[in-house]
Amino acid sequence: MSGRVLKTVCPLDCPDACSILATVENGRVTRLEGDPDHPFTRGFLCHKVAHYDRRLYSPLRVLYPARRVGPKGPGAGRFERITWDAALDEIASRFKAVVAEYGGEAILPYSYGGSIGIVQRNSGHRFFYRLGASRLLRTICDSAAMAGWDMTIGKAIGNDLMQAAESDYIVIWGMNIAATNLHFVPIVKAAKKRGARVVQIDPHRNRTSHLADDVLQLRPGTDAALALGVMHVLIREDLLDRDYIERFTLGYEALRERVLNEYPVDRVARITGLSESQIVEFARGYGRARAPFLRVGFAFTRHDNGGMAMRTIACLPGLVGAFRKRGGGANHESAGAFEFNLDRVRGEDRFHPATREINMVKLAEALLEEKNPPVKALYVYNCNPAAVAPDQSRVLEGLRRPDLFTVVHEQIHTDTVDYADIVLPATTFLENLELYKSYGHYYLQVGKPVIEPLGEAKPNFDVFRLLARRCGFTDECFDDTEVDVMSQALDTPSKFMAGINLERLMAGEPIRVNLAADADPFADGFYTPSGKLEFYSERMAARGLDPLPRYHACSEGVENTALRERYPLQLLVPPSVHFLNSTFGVVDEQRRRMGVPSVKIHPADAAQRAIAQGDRVRLWNDRGECHYQAEVTTDTREGVVVAEGLWWAKHTEDGQSANALVSTRLTDLGAGSTFQCNLVEVVRAERNGHTGRVAAESVPNTESRIPNPEPRA
Ligand SMILES: Nc1nc2c(c(=O)[nH]1)N[C@H]1C(S)=C(S)[C@@H](COP(=O)(O)OP(=O)(O)OC[C@H]3O[C@@H](n4cnc5c(=O)[nH]c(N)nc54)[C@H](O)[C@@H]3O)O[C@H]1N2
Ligand SMILES: Nc1nc2c(c(=O)[nH]1)N[C@H]1C(S)=C(S)[C@@H](COP(=O)(O)OP(=O)(O)OC[C@H]3O[C@@H](n4cnc5c(=O)[nH]c(N)nc54)[C@H](O)[C@@H]3O)O[C@H]1N2
Ligand code: SF4
Ligand SMILES: [Mo]
């Protein structure tokens, strides 16, 4: 039997937001394919989502509410199945008790990007505002990138990725597109076929390097310096679009003086570790191209100088007038065009929240140090902090606190579930209704459930409505349905969203925001206070920051000579093609493709430490340690080690991953995370005289400890 084919959307934190055709036979999902009619998906999905059924029907799927009956932590916890009524009653009464004794701010919601849909992602806000809980600053991902881009451009939009097929010079800056923006790859290939040159700027040669004519392996955290060196050459050699600069930009003269005086190519070469000719050649290529296109990633913004780095790089297209050239321009995120009425969706207009803010990057501090009041209850949804958050040893220590009441609403028995007092089963995108935007392309789409919820799983939206009632909240906003919330989201004066109505979306078709694919997104001006691309920024000055682009060294980089005496290597922890953050750690096949947790090290660094290919090594700094397997390779530059992929803590040898080495330091703009900014040391690890290979799956993927007595079909 062939089954029914239903359309839905990938909910994962990935810029591609693919449209999916799901085949359902006898109530079971048997096939997932890319929608050939979606202009960006173009008929294919990444491997992990094409096989999402392995995750959907995993033995680790959480299907019923459960209560802890053993100690907290991996391997220790035992859970007993309870009813939804019992679970909701217990949460409501524990929350009320915490509010009575410590105040609402002792409750902390913790969520991020498990689903990036508008309804499920934002459905907890009303409840937690009404409760008077602490407010979470959701900064773990792109807040420095957004703030930096905003200072120069004013809104997180850019030239359409699809039109870059007509570019003659594509720069991929700090983004591993072959892993993290897969549907941009055919576009780059099409441009190459027409003769485009492709330059990648990344300390680490990865899958994307196969597309590149040149790979500039700069030192991590020196990206602003490289951009300023490129500007120096563009200005010195007059490779500028003067008409564009005059009409569309602000502060060119001041920038010119700064760049010519302070960023000569030899200085930039010393900072970045690139050669002078690499820098000059790159600048000439960019400046002479007919339509240079810049695909800007996140990695370089995850240093504590990252906001300024983004602001600086975003200036480049302004000097050469790239935004208005067909095929050219720049794109970091498209998300700014989706101007939903989020105040309404989140209930900010109604509840005017003014409670304490807690930055999600500092979860360790929140759980271990916060006093006024202490965090006594934690509610986790859409997120797996035990695996993804920085300073992992301390996060786990905090989660282990016996006096902390922790609720985890999850699809899968993750690392974080190991620490839960109450576990609630969550639906996946195949089981719930949702409105999706993208941060790579410009299409909106509604995804409808294609199967009934498995077990007793419920969407976030339903759970928060039920909890609101249990807590006695009678505000009418808690009577809204998911469709009501979608229509509230679309109730906006935004010019990008004009004419987009829910009926059309509910029919399942992708609908484009009002920004033509081949348009210059800034033809009518930029979204800064001056309406210009701001080389000079009053807003930066008002914050006491340098109003002009500049390079300042990051705290854990090559210029920190004191710390480098103890920890000489820069550690990068970028995403892997086989995982999506920690979401696919549950799938045996994806872990098999990953192999064991491993770290790439340059042959010169390995030789100095007598480390050979396949050796078990210890990585550490003052924050923590982990044991990984060494991969000796020139794919990384000297002085830089790379631990790709967000492993579950329990799949590592020590029960903690490279995130144990990552600090909770914040970025210069946006108070964001600094995942790529860590100095470490690596040595060959000997334990019981053995230095051999790390055992694959040192800790196997255990069966869920939550009883799921009903047999699955
Ligand atoms: N397959 C897959 N796709 C994903 C994800 C995933 O985990 N797996 N995660 C999703 C999420 S949440 C996000 S935010 C995006 C992230 O997508 P990306 O922007 O691609 O990811 P980054 O972590 O920013 O790292 C990208 C590259 O930057 C390099 N890099 C590290 N430090 C520096 C630096 O200082 N300068 C420069 N120039 N390069 C540097 C790394 O070596 C890496 O190759 O991807 C999304 N898509
Ligand atoms: N080492 C390292 N660490 C990193 C990064 C890195 O590159 N390297 N990247 C950082 C970045 S950029 C990001 S964005 C974060 C991502 O961190 P997270 O947002 O925590 O992302 P995931 O690991 O995908 O975990 C999401 C969880 O939400 C659950 N979930 C999915 N949908 C739903 C739902 O509808 N309801 C509920 N209740 N749960 C749901 C999933 O089962 C999954 O366990 O990680 C950060 N951590
Ligand atoms: S993770 Fe990204 S590439 Fe894979 S299906 Fe989802 S949106 Fe598409
Ligand atoms: Mo992210």
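Here the structure is a predicted model, which is why all the values come from computation and not from measurement. Ligands are counted one by one from 1 in listed order, and the atoms in each one are counted from 1 as well. Atoms considered below: every heavy atom in the structure, side chains included; atoms not considered: hydrogens, waters and symmetry mates.
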Heteroatom distance test (I201, ligand 1): nitrogen or oxygen, under 3.5 angstrom: yes
Close residues, ligand 2: non-hydrogen atom nearer than 4.0 Å: D13, R55, Y112, G113, G114, S115, I140, C141, R302, Y381, N382, C383, N384, V388, H409, E410, Q411, T414, A426, T427, N460, V573, P575, L580, N581, S582, T583, L646, N659, F675
Audit row: Q411, T427, side-chain hydrogen bond (donor to acceptor under 3.5 Å, both in side chains) steps and yes/no: CA-CA 6 Å; Q411 299 163 341; T427 47; over 6 Å; no
Proximity of F128 and Y379 rings by center, below 6.0 Å: yes
Atoms of ligand 3 close to H183 [distance to a heavy atom under 4.0 angstrom, numbered from 1]: 3 (S), 8 (Fe)
Side chains of D16 and N181, donor plus acceptor under 3.5 Å: yes
Derivation of the salt bridge (Lys or Arg N to Asp or Glu O under 4.0 Å) call for E456 and K458: CA-CA 6 Å; E456 293 180 1; K458 289 187 193 296; over 6 Å; no
Enumerated ligand 1 atoms positioned under 4.0 Å from heavy atoms of G297: 19 (O)
Pairing residues for H47 by the ring-ring contact (aromatic ring centres under 6.0 Å, His included) criterion, not counting sequence neighbours: H51
Electrostatic pair R205-E644, nearest N-O below 4.0 angstrom: no
Ion pair check, E556 and R219, cut-off under 4.0 Å: no
Cation-aromatic face contact R121/Y436, 6.0 Å, 45 degrees: no
For ligand 1, the portion of H578 having any non-hydrogen atom under 4.0 Å away: neither
Test log, rule ring pair (Phe, Tyr, Trp, His ring centres under 6.0 Å), inputs H409 and Y381: CA-CA 5 Å; H409 186 203; Y381 61 109; 7.7 Å; no
Rounded distance (nearest 0.5 Å) linking atom CG of D35 with atom SG of C18: 9.5 Å
Ion pair check, E589 and K48, cut-off under 4.0 Å: no
Contact atoms of ligand 1, heavy-atom distance to L218 under 4.0 Å: 38 (N)
R219 near ligand 1 by a heavy-atom separation under 4.0 Å: no
Which residues share a ring-ring contact (aromatic ring centres under 6.0 Å, His included) with F298, sequence neighbours left out: H332
Sidechain-backbone polar pair: N176 side chain, P574 backbone, donor-acceptor under 3.5 Å: no
Lys/Arg-Asp/Glu bridge criterion (N-O < 4.0 Å) met for K650, D415: yes
Nitrogen or oxygen atoms of P220 and ligand 1 under 3.5 Å apart: no
Contact (N/O only, under 3.5 Å) between G221 and ligand 1: yes
Under-2.8 Å protein N/O/S neighbours of atom 6 (Fe) of ligand 3, ordered by chain then residue number: C10 SG
V642, portion touching ligand 1 at heavy-atom distance under 4.0 Å: neither
